[in-house]
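Shown next, in structure tokens, is the structure this report addresses.
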Amino acid sequence: MYWFLLFLAVLAVWLLVLALLAKKVWGQAKALTRELVAAQSKLDAAQSAAGSGQTRQDEHTPA
């Protein structure tokens with residue numbers, strides 16, 4: 001009986017550790033995604049600003 005309770009206690013601790021690790025990884029993934037989205041929108045804005053006064057070269061070349 002005591003072995004079973006010890007097993008349950010160890011299992012509970014392992015599940016707690018895994019849950020904390022998953023929470024940490026989830027937070028890092030969310031932060032990385034947020035950073036990537038911000039970088040992409042800055043890149044899009046820079047490309048839009050750079051391309052607004054220029055014409056693309058391939059639009060004028062015959063096919």
Side-chain angles (χ1 to χ4, degrees):
M1 180 68 180
Y2 293 112
W3 292 109
F4 182 68
L5 293 176
L6 181 64
F7 170 74
L8 287 180
V10 170
L11 184 65
V13 169
W14 271 108
L15 287 175
L16 180 64
V17 168
L18 288 176
L20 291 173
L21 285 174
K23 182 179 178 183
K24 182 178 179 180
V25 169
W26 179 258
Q28 288 178 346
K30 273 179 48 176
L32 180 61
T33 303
R34 194 177 310 122
E35 192 173 329
L36 288 173
V37 167
Q40 182 66 41
S41 56
K42 281 177 68 174
L43 179 64
D44 289 343
Q47 287 176 342
S48 174
S52 62
Q54 300 173 353
T55 58
R56 289 181 38 170
Q57 185 67 24
D58 58 353
E59 290 177 352
H60 297 291
T61 56

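These figures come from a predicted structure and were not determined experimentally.
With S48 contributing its side chain and D44 its backbone, the two residues share no donor-acceptor pair below 3.5 Å.
Partners of E35 according to the side chain to side chain donor-acceptor pair (under 3.5 Å) rule, which considers only residues two or more places apart in sequence or in another chain, do not exist here. Looking at residues two or more places apart in sequence or on another chain, you find a side chain to side chain contact (heavy atoms under 4.5 Å, CB included) between K30 and W26, R34.
Taking CH2 from W3 and CG from L8, the interatomic distance works out to 14.0 Å, rounded to the nearest 0.5 Å.
Here L20 sits in one hydrophobic cluster together with L16; the rule is ILVMFWY side chains under 4.5 Å apart, joined directly or through other members.
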